[in-house]
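The next block holds one structure in the form of C-alpha cells; read it before the comments.
Every heavy atom of this structure was used, including side-chain atoms; hydrogens, water molecules and symmetry mates were not.
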Amino acid sequence: MDKPVKLACRHVWKLFGAVGPDFLAGATEQAPTLEMIQDAGLVGAVRDANLEILEGEIFVIMGLSGSGKSTLVRCLSRLIEPTAGELIFEGIDLLKASAKEMIEIRRHKMGMVFQHFALLPHLTVLENVAFPLEVQGKSRSQREQIAREVIELVGLKGREDNFPRELSGGQQQRVGIARSLAVEPELWFLDEPFSALDPLIRREMQDEFLRLQSLLHKTIVFITHDFEEAVRLADRIAIMKDGQVIQVATPEQLVLNPENDYVKEFTKHIPRSKVLSAGAVMSEQKIGSSHQVFADERIEKIAEKVVTTNETFSVLSSEGNVVGSITPQQVINVLVGRSDDQ
Amino acid sequence: MTKLAQQLAQSRNFWFWTTLLLVSWVLSTYGRDLAKAVDAKWLIKFPAAWRIPMKGEISAAMSWLVEDAHFGLFTVTEATRSITWLLEQPYQLVLSLFASGFYQGVGQDAVLVFPALSWVFVIILVMAIGHYAKDWWLSSLVGIAFLYLAVFGQWDSSMVTLASIAIAVPIGVWGGILLGIAAYKWWIVELALRPLLDLMQTIPVFAYLVPILFLFGFGPVSALVATIIYAMPPMVRITTLALKSVPTELKEFSLMAGCTPRQTLWKVLIPSAKPTLMVGVNQVIMLSLNMVIIASMIGAGGLGYDVLASLRRLDIGGGLEAGVAIVVLAIALDRVSQAFALQRSPDRPLYAGNSTTLRIMNYPRTLIVLLSGGAIFAIGSFVPQMQTFPEAYELTTGAIWEDVIRTINVNFFDQLEAIKTTLLSVFLVPVKRFLGGIPWIWGLLAVSLIGWRVGGWKVCLLAFLLTAFIIVNGLWAKAMTTVYLCGISVLIACVIGIPVGILSALNSRVDRIVSGIIDTLQTLPSFVYLIPVVMLFRVGDFSAMIAVVLYAIAPAVRYAAQGVRSINPQLIEAGIVSGCTPFQLLRRIRVPLALPEILLGLNQTIMLALSMLVITALVGTRDLGQEVYIALTKADTGRGLVAGLAIAFIAILADRFVAAGANRAKQRYGYES
Ligand SMILES: Nc1ncnc2c1ncn2[C@@H]1O[C@H](COP(=O)(O)OP(=O)(O)OP(=O)(O)O)[C@@H](O)[C@H]1O
Ligand SMILES: [Mg+2]
C-alpha cells in the first residue's frame with residue numbers, strides 16, 4: 001500500500017485505576033498479561049495497541065461491548081491520556097503537544113461524531129453546526145454561511161432553526177455529522193455513530209455516510225460493534241478483544257484468513273457474498289470469455305449477472321488484464337455458503 | 001447469618017433497647033434522691049466550675065476580630081465596611097426605584113427628583129414577565145397577586161421586601177454558581193466546602209444572625225448578608241451537581257471542538273446545565289423569602305418587619321395580613337421562577353428588520369412595557385392615584401381575622417382548652433419530665449451507647465464528643481427540652497404524615513388533595529405558621545409543637561408516598577397471587593419495602609423540626625432556641641454560636657442515628673448486602 005500514514009499509534013496502553021509509575025516500564029519487552037493487570041486491581045481497557053491509519057481510508061475498529069473501542073479512539077484523539085505508548089499524527093508526536101497546540105489541532109484537523117450525538121440542547125441546528133467555528137472566533141456571517149453549506153450537504157436544509165429535541169434520532173446524528181464536518185477536518189473520528197438508531201435508519205445513514213465520503217475523502221476512524229456495518233463501510237477493520245487488537249485486515253482477508261477462532265466466530269454469520277470479491281473466488285485459469293467482471297467486485301454485485309448468463313466469466317484486474325476466471329458454480333457456492341475445500 | 005444467629009442478634013437488640021430505656025427511666029425518676037443520698041449533687045447538675053467558658057472566649061474573639069484584627073493591609077472592620085458599602089449601593093438604588101423614590105439632598109431639604117415606580121407600572125411589568133416566562137395564565141396570576149398587595153394596603157412594605165429580594169437573589173445565585181464551579185473544577189475546594197455546606201444546612205439561622213449583627217451592625221445590609229448566607233448553599237450544591245451531570249460526551253465534544261477551558265465552561269457546561277441551575281434559582285428565591293421575617297430581626301424592613309412587630313404586639317389581624325402578603329409574594333415569585341426553570345428555550349425573535357430602530361418592533365412585549373411606563377410616568381405627575389394606590393380604596397382584612405379568631409376563641413374556648421390540657425397532661429408533660437430528669441452523666445453514656453450500637457465505635461466517639469460539648473457548655477437541660485419538643489413533634493408528624501403519605505400513594509384522589517396541601521405548606525415562610533397557632537392556643541410548648549408539626553410534616557408525607565409508589569409492582573402482584581388481603585399487602589409488603597424511604601423522610605422531618613424549633617422560641621419555649629434568641633437580643637455572639645452549634649450537633653446525631661437505622665432496614669430487606 002502506497003498511501004501515506006495519517007495517524008499511527010505504537011504500543012498504546014490505557015489502564016484504569018491507580019497505576020504505579022513503573023507498572024508498564026518493561027512493557028515493550030515483557031508486557032503484563034491480563035491476569036497481572038487484574039491482580040493489580042486495574043482495568044486494562046487498551047493493551048498494547050499498534051495501528052497505522054492511512055490517508056483517505058475508512059478504518060473501522062470493531063469489537064464487542066467493553067472491548068475497549070471507545071477508550072482506544074479517545075486515546076487516538078487524546079481525549080484521554082494513554083498510560084503508555086506513542087501517537088504520531090502527520091509525523092508529529094501528539095502526546096508531546098501542549099494544551100494550546102492540541103486546541104489548534106482539534107480546531108482545524110480533527111472532528112468527532114458521538115454515539116449519543118452530543119448536541120448542545122440550548123442551540124438551534126444552525127448554531128450547533130456553527131459552534132466549532134464560533135469558538136474559533138469566526139465572524140457570525142462567515143460561520144453561518146459555512147454551517148448552511150454543510151447542513152445542506154447532510155440533507156437537513158430547512159431545519160436550521162429547529163432545536164435538537166425537535167428532530168428525530170437520525171436527523172440529530174446528521175446534525176452531529178454536519179457539525180464535525182464544518183471545520184473541514186482531515187481526520188474524522190466516529191464512535192458508534194449509528195448504534196443509537198433504528199436498523200432502517202441505520203442503513204440509510206450508512207449510505208449517506210458512504211456518499212459523503214465519496215465526496216470528501218477524509219481519513220476516517222469508525223467505531224462499531226456491528227460486524228455487518230463494519231464490512232459495509234470498511235476499507236480495513238481492526239478487531240478488538242479485551243483491550244487488545246487481534247487482527248487488522250480488509251474485510252475479505254478477515255473472512256478468508258481469520259487469525260483465530262474468535263475472529264472466525266464474527267465472520268461466520270456474515271453472508272460471504274457481501275465480503276468476497278471475484279478475485280478471491282476465481283480460479284487461476286485465464287479464459288478469454290466475452291463475459292467479464294473485475295477482480296475487486298464483490299460477489300453480491302456480480303452474482304445475478306453470472307448465474308443468469310450461466311457461463312464462465314473472465315476476471316480482469318483493474319488495469320484490464322485477464323487474471324483468472326469464475327464459473328456460475330463458484331458463485332453459487334459462495335451464495336449458499338459452501339466453501340471450495342468442503 | 002444462620003437463623004439462630006439472627007434470632008440471637010434480634011433478641012440482643014431487644015434487650016439493649018429495653019434495658020437502656022428502663023435504666024433511663026429509673027435514673028430520671030429516682031436519680032435526684034439517689035444523688036442526694038450519696039451526697040453527690042454533681043451527678044445531677046453539671047457543676048458550674050467544670051464548665052468551659054467557650055462562649056466567653058468566642059465573644060472575646062469576635063471583639064478582637066472587630067476591634068483589632070487585620071489582614072495586613074486593612075482591618076476586619078474596614079473589610080466589613082467595604083462589603084456594607086458594596087451591598088448598600090445597589091440596594092439603595094433598587095429600594096429607591098421600587099419603594100422610596102429618588103431624592104436630592106438630605107433630611108428636610110430633600111427634593112424628590114424621580115418618584116418610585118408606579119404600582120400600575122409594576123403590575124404591568126410583572127405581568128409581562130409572567131407572560132414571557134409562560135403564558136397568559138401565569139401573567140394573570142402574577143398580576144392578581146400584585147394587585148392584591150396594592151388593594152390590601154401592603155404595597156409599600158411589599159416593595160421594600162421585593163427590593164431586598166432583588167438584591168439578595170442575584171448575589172446568592174451568582175455566588176453559588178461561582179463557588180459551585182470552583183468546587184467542580186478543584187477537588188480541594190469541594191473537599192473544603194462540603195462539610196461547611198453540611199453544617200450550614202443544620203445550623204439554625206439564628207446562630208449566625210448574631211455574628212453578622214456583630215460584624216455588620218443593625219440594618220438592611222446585615223439582613224441582606226444573612227439572607228445571602230442562608231440562601232446560597234443549595235445553589236452551590238446544585239451547581240456542582242449540575243456540572244457533574246452534564247453528559248461526558250458533551251464534555252468530550254467541547255474538547256474536540258477545540259474549546260478553551262473557559263469556552264467549555266461558559267459555552268457548553270453552564271448552558272447545558274441551565275435547567276438544573278434554574279431549579280437552584282427557584283430555591284434561592286424561596287429561601288430568601290423564608291428569611292424575610294427572620295432577617296427583620298436584624299434590621300430588614302418591609303413585610304417581615306410588619307409580621308414581627310405584630311407578633312410582638314400580639315396584633316393578630318396585622319400579623320396575618322402581612323403574613324398573607326408574604327405568602328402571596330412567595331407564590332408569585334415561585335411560579336414565575338418555576339416557569340423559567342421549565343422554559344425549554346429562550347424565545348427567539350426572528351431577525352426581520354436589520355436596522356436598530358426597527359429591531360424593537362420584534363419585541364412587542366418590551367415595547368408595550370416601555371410605552372406604558374412612559375405614559376404612566378406622564379399621567380402620574382397629574383393623577384397621584386396612578387403613582388400610589390389611593391388609600392380610600394384600600395381594603396383591610398385585619399378586623400375580619402380578628403373577629404374570626406375571637407369567635408373561635410369565644411365559642412370553642414372550652415374545647416380548645418380541653419384538647420390542649422389533655423394532650424399536655426397525658427403526653428407532653430410526662431415526656432418532658434422523663435427526658436428532663438435524665439442526669440447528664442447517664443445521658444452522655446446513653447447517647448454514646450446508642451452511637452456504638454447503631455454505628456460502631458466511630459459514631460460512638462462522635463456521639464460522645466458532641467454530647468460532651470453540649471454538657472460542658474452547661475446546656476444539658478435546655479438540650480433535653482429541645483429533644484423533647486422536637487421528638488414529640490416529629491412523632492406526631494410521623495403518626496399523621498406517614499399514613500397520609502401511604503394513603504396518597506394508593507389513592508390518586510387523596511394524592512391530589514394531599515399534594516396540594518403539602519405544596520402550600522412548603523411555600524409558606526416558617527413564621528406564618530406561628531400566627532394562627534399562637535392566636536388559638538397562646539404561647540407555650542403546645543403552640544410550638546403544633547407549629548413545628550405543621551412545618552415538618554411535609555417530608556414525612558412525601559417520602560412515605562414516594563417509598564410506597566416506587567415498590568416494584570411485580571412484588572405487589574406476587575403478594576396478590578399468594579392471596580394476601582389488602583391489609584396484609586400493606587403490612588407485609590408495602591410498608592417493609594418502603595421503610596428505607598420512610599426513614600429518609602423521618603430524617604428530613606427531624607431536620608425541619610429542629611430548624612423550626614428555634615423560631616418557636618418566639619412563643620416562649622425554654623429550649624436551645626430560646627438561648628439563641630436571647631443571645632440575639634443581647635448581641636452576645638458567643639452565647640448564640642454555642643447554642644446554635646448545640647442544635648446543629650443534635651441534628652447531626654439524629655441524622656447519623658436515623659441513617660444507620662435506614663441502612664440496617666435496607667440490609668434486612670436485602671436491598672444491599
Ligand atoms: N473511566 C473509566 N474508569 C474505569 N474503567 C473504565 C473507564 N472507562 C472505561 N472503562 C473500562 O474499560 C473497558 C473498555 O471500555 P470501553 O468503553 O472502551 O468499551 P467499548 O468497547 O467502547 O464498549 P461499548 O461498545 O459498550 O461502548 C471496560 O471494561 C470499561 O469498564
Ligand atoms: Mg463505546
>> Only pairs of heavy atoms separated by less than 4.5 Å count here; which of A/R179, A/K100, A/M102 has the most with chain B?
In response: A/R179

> Could you give all pairs that pass the side-chain hydrogen bond (donor to acceptor under 3.5 Å, both in side chains) test and reach residues 59-70 of chain A, with sequence neighbours left out?
Replying inline: A/S70-A/D191

> Top residue by heavy-atom pair count (under 4.5 Å) with chain A, among B/S254, B/S272, B/P261, B/P275?
Replying inline: B/S272

>> Less than 4.5 Å apart, side chain to side chain, heavy atoms only: is that true for A/R74 and B/E252?
In response: yes

> Taking atom CE of B/M256 and atom CD1 of A/I103, what is their separation to the nearest 0.5 Å?
Replying inline: 12.5 Å

> Shortest non-hydrogen contact from A/R106 to B/L255?
Replying inline: CD-O, 3.1 Å

> Of all heavy-atom pairs between B/T260 and A/R107, which one has the smallest distance, and what is that distance?
Replying inline: CG2-NH2, 3.8 Å

> Side chain, backbone, both or neither: which part of A/L119 has a heavy atom under 4.5 Å from chain B?
Replying inline: backbone

> Measuring heavy-atom distances to chain A, does B/T248 have an atom under 4.5 Å in its side chain, in its backbone, in both, or in neither?
Replying inline: neither

>> Can you confirm whether A/H116 sits close enough to B/P247 that some side-chain heavy atom of one is under 4.5 Å from a side-chain heavy atom of the other?
In response: no

> Counting only heavy atoms not in B/R558, do more than 12 fall under 6.0 Å of its CZ?
Replying inline: yes

> If you count heavy-atom pairs under 4.5 Å between each of A/A182, A/P185, A/G176, A/A118 and chain B, which one has the most?
Replying inline: A/A118

> Near A/E149 CD, under 6.0 Å, is it more than 12 heavy atoms from other residues, nucleotides or ligands?
Replying inline: yes

>> With a 4.5 angstrom heavy-atom cut-off, is it the side chain or the backbone of A/F131 that approaches chain B, or both, or neither?
In response: side chain

> Looking at A/E104, A/M112, A/H108, which has the largest count of heavy-atom pairs under 4.5 Å with chain B?
Replying inline: A/M112

> Under the 3.5 angstrom rule, does the side chain of B/E249 hit a backbone N or O of A/F114 as a donor-acceptor pair?
Replying inline: no

